[in-house]
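Each chain gets a letter, A, B and so on, in the order the sequences are listed, and its residues count up from 1. This one's a predicted model, so the numbers in the text were calculated from it and none came from an experiment. Because only heavy atoms are used, hydrogens play no part in the values below, and waters and symmetry mates are left out as well, while side chains stay in.
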Amino acid sequence: MNLTLQVWRQNGPNDKGRMEEHKLSGISPDQSFLEMMDVLNEQLVESGKEPVAFDHDCREGICGACSMFINGEAHGPGRGITTCQLHMRSFNDGDTIYIEPWRSAAFPVIKDLMTDRSSFDRIIQAGGFVSVNTSGNTLDANAIPIPKEDADKAFDAATCIGCGACVATCKNGSAMLFTSAKVSQLSLLPQGKVEASDRVLNMVKQMDLEGFGNCTNTGACEVECPKGISLENIARMNREYLVAAVTD
Amino acid sequence: MKLDAKIPEGPLADKWTIHKNNIRLVNPANKRLIDVIVIGTGLAGGSAAASLAEMGYNVKAFCFQDSPRRAHSIAAQGGINAAKNYQNDGDSVYRLFYDTIKGGDYRSREANVYRLAEVSANIIDQCVAQGVPFAREYGGLLDNRSFGGVQVSRTFYAKGQTGQQLLLGAYSAMSRQIAKGKVAMYSRHEMLDVVIVDGKARGIIARDLVSGEIERHSAHAVVLASGGYGNVFFLSTNAMGSNVTAAWKAHKKGAAFANPCYTQIHPTCIPVSGDNQSKLTLMSESLRNDGRIWVPADADDAKAVREGSLKPTDIPEDRRDYYLERRYPSFGNLVPRDVASRAAKERCDAGYGVNQTGEAVFLDFSDAIMRYGSTEAHVRGMHNPSDDEVRKLGKEIVAAKYGNLFQMYEKITDDNPYETPMKIYPAVHYTMGGVWCDYNLMTTVPGLYATGEANFSDHGANRLGASALMQGLADGYFVLPYTIGEFLADDIRTGPISTDSPEFDEAEKNVQGQIDRLVNNNGTKTVDHFHKRLGKIMWNECGMARNKEGLEQAIKDIQALRDEFYAEVRIPGSAEGLNPELEKALRVADFLELGELMCHDALDREESAGGHFREEYQTEEGEALRRDDEFAYVSAWEYSGNPSEPNLHKEELVFENVELKTRSYK
Ligand SMILES: Cc1cc2nc3c(=O)[nH]c(=O)nc-3n(C[C@H](O)[C@H](O)[C@H](O)COP(=O)(O)OP(=O)(O)OC[C@H]3O[C@@H](n4cnc5c(N)ncnc54)[C@H](O)[C@@H]3O)c2cc1C
Ligand code: SF4
Ligand code: FES
């Protein structure tokens with residue numbers, strides 16, 4: 001395949017940034033999108049230029065590192081996948097592909113396609129955990145039976161990989177889907193119930209402090225989420241928040 | 001160099017308890033005066049950082065990813081073992097211990113493995129208490145499945161994302177400590193050297209990957225939880241950033257490196273497809289519970305399949321060779337990984353491979369689909385269901401069990417595994433070798449510890465499935481937090497360690513020197529160019545099968561490649577600021593030295609053990625020939641100052657509780 005890439009280049013958070021054009025040829029449809037980016041970078045290095053910086057690690061859709069806006073969509077075309085799971089067979093020979101970083105006030109650009117998502121870590125630090133001592137002196141795991149349905153729902157919420165596509169795709173830059181996934185996972189389980197109200201209040205507060213926008217229920221986040229995290233979680237978080245705020 | 005494994009006295013089952021009762025304690029007020037550096041935030045490092053902070057130590061944790069939640073452990077799919085005997089199928093601490101020792105081909109340390117089995121049950125309790133959503137049965141209790149090499153169901157799992165859920169558990173425990181100020185987290189930081197003061201590990205040199213700044217960090221002890229080095233092969237199932245740098249730099253500062261040639265080759269990966277491929281994808285071993293592995297029995301059929309003129313589904317039962325079931329009737333498709341991998345290679349080398357490159361075998365779910373389908377039809381009271389109805393029901397059950405893996409396979413290969421068998425081939429997956437450590441997990445450098453995949457101690461020459469996660473969490477939650485006290489008890493009056501010492505100056509100067517050398521090199525070739533070439537040498541000569549001649553040649557080739565690397569590599573950009581090519585170059589420079597050591601180690605080991613198959617040493621049936629009389633030792637290599645002249649030390653392995661037998665899965 002022959003392709004024209006329009007790639008965002010930005011030297012650092014204070015640089016203005018610009019699109020840069022690159023031509024690629026001989027790309028196999030079986031290559032992944034990131035492998036195509038590797039080919040581009042090899043070419044750049046060989047010609048003495050700096051390669052395009054982008055985050056990636058596992059390359060199998062689970063670490064949540066890779067993050068690119070491709071042709072105006074978070075993680076590119078295709079539902080339920082991350083950029084590293086996108087294959088070039090999703091494109092046509094001769095296509096022009098636009099590649100940009102996540103854009104959100106709470107995710108400043110570090111360089112090129114790489115952004116700083118540490119705000120997500122701080123939201124978790126505000127309460128996205130069960131406060132149990134790491135001593136091993138806990139109850140036997142089967143001492144608290146959990147209905148399979150609850151466990152499955154908690155699992156579904158827990159599959160969020162913290163990639164930030166939901167934020168990047170939201171016109172308000174809201175982190176509701178991410179935050180609600182963690183809130184839901186823990187509030188669906190007996191272990192997490194104890195601290196549920198403090199958790200939701202603290203996490204939402206942190207979310208606001210980090211500069212994420214408000215949720216206006218447009219649902220774009222759910223569409224772009226590679227892990228299919230459902231809007232139900234946002235509804236559940238809102239309910240939890242209301243109850244917690246009233247009793248606080 | 002003296003290797004003292006410090007195995008406690010007493011009967012095997014009591015060693016850990018006796019030891020815990022004798023380890024010196026550091027009282028809570030004194031713990032506040034002690035700093036510990038943890039390199040890595042995977043299962044081993046994340047759980048250690050959380051636990052040490054919980055106990056009261058001041059922890060500084062480092063990872064090269066942007067968030068500790070993205071450590072490579074996140075990718076583990078299949079599950080984690082624990083001797084809970086919830087299924088009442090006869091499991092016990094002893095059996096888990098025994099399976100692990102045997103599965104590792106009797107090349108691991110009895111006492112360590114027993115302790116691992118002993119604390120395994122606590123790990124599950126701890127994780128459940130943290131809210132890890134393990135799979136459950138309808139009655140609300142935890143569900144289990146089985147993995148290769150064992151005959152009981154002791155593996156706990158969370159769909160195909162067990163590693164993710166366990167890591168998020170450790171990450172959340174750590175996040176809680178970060179919020180309390182007990183853990184200082186340094187993301188996007190890479191450790192580039194250990195600093196040794198008065199013979200003890202007292203700090204590190206790290207590079208802030210965003211600013212490029214070289215930093216000094218001191219502590220009373222340093223823990224390496226930096227993961228495995230499978231990426232020395234370039235293509236592997238590991239995350240792209242996984243590397244050996246932290247362990248290698250520790251090795252160069254005096255830590256012995258043990259059993260470097262013990263690499264695990266995982267039998268169920270998606271085969272290599274093209275030259276620009278950057279990684280291999282694992283299909284969880286749990287698939288072998290239900291999938292049957294076969295190749296055509298007839299070489300002509302295999303050829304026709306390769307050419308695309310014959311569909312696998314058109315090959316009748318009697319023209320298929322279910323070679324694992326044939327060769328190993330009692331374990332069948334659930335033989336350990338090394339056995340399954342070798343058998344696949346043997347069939348493909350003999351000309352029965354089923355993809356274009358001839359390096360793939362089938363993993364077939366059609367029987368499982370029909371079997372589950374007819375049970376389900378029964379449950380639903382359907383009389384005389386048609387084959388299609390049964391198949392449909394069966395597909396639903398299989399989808400519920402393995403759906404996400406099937407989806408992943410389809411996305412990568414564009415093939416639907418519900419309709420046609422998957423194609424799989426062995427790939428580099430896990431490194432059993434690593435930094436040598438004693439029973440306390442301390443390396444040969446006092447105050448320097450190694451945990452998780454970075455150390456060597458528990459898996460011998462082959463790792464059974466679902467035991468790496470167990471080991472990482474055992475080390476981090478339950479072993480290190482105790483054993484580190486033995487060393488730190490002497491430091492309650494030491495006070496903060498200064499970073500203004502000649503040792504820190506020297507280490508920083510060396511790191512800076514290496515960076516400058518790479519950045520100022522005016523070569524023409526990319527870092528990946530060298531990495532790929534190294535990977536080819538390693539896979540061909542030090543991979544699934546090795547021989548003396550090949551290894552000797554590989555050593556020469558690697559030396560030459562290393563010279564070429566320093567002459568020809570080109571790193572654009574500067575040492576300041578973010579520079580991913582420089583990061584890769586620093587890692588590949590270390591792989592180029594480690595690769596050679598792996599070959600030296602493979603050359604020394606004139607036997608076949610686990611994943612390490614020396615072609616000269618095999619039985620008449622082509623099985624691995626272990627030579628216990630001469631090789632029941634851990635090889636621990638000391639750095640001599642020249643990567644080509646390593647010094648070998650041997651830790652004799654003493655087996656008091658198990659009898660060394662030929663491993664048979666027949
Ligand atoms: C695809 C896949 C599936 C697997 N499935 C299973 C399974 O089902 N069951 C099982 O038991 N095992 C499984 N394994 C193996 C298991 O996942 C790993 O062995 C285990 O997670 C390793 O954990 P760790 O904490 O030792 O290291 P890692 O999780 O690799 O963590 C290494 C950490 O060290 C940091 N680091 C490394 N070098 C430096 C440096 N120089 N400076 C700073 N930080 C550094 C990294 O940032 C990272 O945080 C699987 C492995 C793979 C690849
Ligand atoms: S909710 Fe979905 S899109 Fe948002 S961070 Fe989690 S996985 Fe990514
Ligand atoms: S690289 Fe890990 S999700 Fe894409």
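Only the side chain of A:R89 comes within contact range of chain B, with at least one heavy atom under 4.5 Å from a heavy atom of that chain. Only the side chain of B:Q161 has a heavy atom closer than 4.5 Å to any heavy atom of chain A. At a 4.5 Å heavy-atom cutoff, B:Q177 makes no contact with chain A through either its backbone or its side chain. With a 4.5 angstrom heavy-atom cutoff, B:D143 does not touch chain A via any of its atoms. Interface residue A:E50: backbone and side-chain heavy atoms are both found under 4.5 Å from chain B. Only the backbone of A:L139 comes within contact range of chain B, with heavy atoms under 4.5 Å apart. Looking at A:M36, neither its backbone nor its side chain comes within 4.5 Å of chain B, counting heavy atoms on both sides. Proximity to chain A is limited to the side chain of B:Y86, based on heavy atoms less than 4.5 angstrom apart. For B:L167, no part lies near chain A; criterion is any non-hydrogen pair under 4.5 Å. Of the atoms belonging to B:L280, it is backbone heavy atoms, and not side-chain ones, that fall under 4.5 Å from chain A. Residue contact with chain A, scored on non-hydrogen atoms closer than 4.5 Å, involves the side chain of B:L168 exclusively. Of the atoms belonging to A:V45, heavy atoms from both backbone and side chain fall under 4.5 Å from chain B. Only the backbone of B:T524 comes within contact range of chain A, with at least one heavy atom under 4.5 Å from a heavy atom of that chain. Within the 4.5 angstrom heavy-atom criterion, only side-chain atoms of A:D156, from C-beta onward, approach chain B. If you measure heavy-atom distances from A:L44 to chain B, you find no contacts under 4.5 Å at all. In this structure, no portion of A:S90 lies under 4.5 Å from any heavy atom of chain B. Using a 4.5 Å cut-off between heavy atoms, B:S47 does not touch chain A at all.
With a 4.5 Å cut-off on side-chain heavy atoms, B:R188 and A:D55 count as touching. A 4.5 Å side-chain heavy-atom check between A:Q125 and B:K180 finds every atom pair outside the cut-off. The side-chain heavy atoms of B:P572 and A:P51, taken from C-beta on, include a pair separated by under 4.5 Å. With a 4.5 Å cut-off on side-chain heavy atoms, A:S131 and B:R176 count as touching. Contact annotation: the side chain of B:P133 approaches that of A:Q185 to within less than 4.5 Å [non-hydrogen atoms, C-beta and beyond].
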Where do B:S67 and A:D121 land on the side-chain hydrogen bond (donor to acceptor under 3.5 Å, both in side chains) test, with the steps shown first?
-> CA-CA 7 Å; B:S67 162; A:D121 288 326; 2.8 Å; yes

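A salt bridge is defined here as a Lys NZ or Arg NE, NH1 or NH2 lying under 4.0 Å from an Asp or Glu carboxylate O, and B:K84 with A:D140 meets this definition. The pair B:K279-A:D57 does not meet the salt-bridge criterion, since no charged nitrogen lies less than 4.0 angstrom from a carboxylate oxygen.
A donor-acceptor pair under 3.5 Å is absent between the side-chain atoms of B:Y138 and the main chain of A:E149, judged by distance alone. At least one donor-acceptor pair under 3.5 Å links the side chain of B:R570 to the backbone N or O of A:E46.
Listed here is the closest heavy atom pair of A:N142 and B:R136: OD1-NH1, 4.4 Å. Nearest heavy atoms, B:S175 versus A:I124: OG-CG2, 3.7 Å.
Summarising the geometry, atom OG1 belonging to A:T134 is positioned 11.5 Å from atom CG belonging to B:L473; distances are rounded to the nearest 0.5 Å. In this structure, CZ in A:F129 is found 11.5 Å from CD in B:Q130, a value given to the nearest 0.5 Å.
In terms of the salt bridge (charged side-chain N to carboxylate O under 4.0 Å, His left out) criterion, residue partners of B:K525 (sequence neighbours excluded) are, by chain and number, B:E564. In terms of the ring-ring contact (aromatic ring centres under 6.0 Å, His included) criterion, residue partners of B:F234 (sequence neighbours excluded) are, by chain and number, B:H531.
A:E35 and B:S278 share a donor-acceptor pair across their side chains, judged by distance under 3.5 Å alone.
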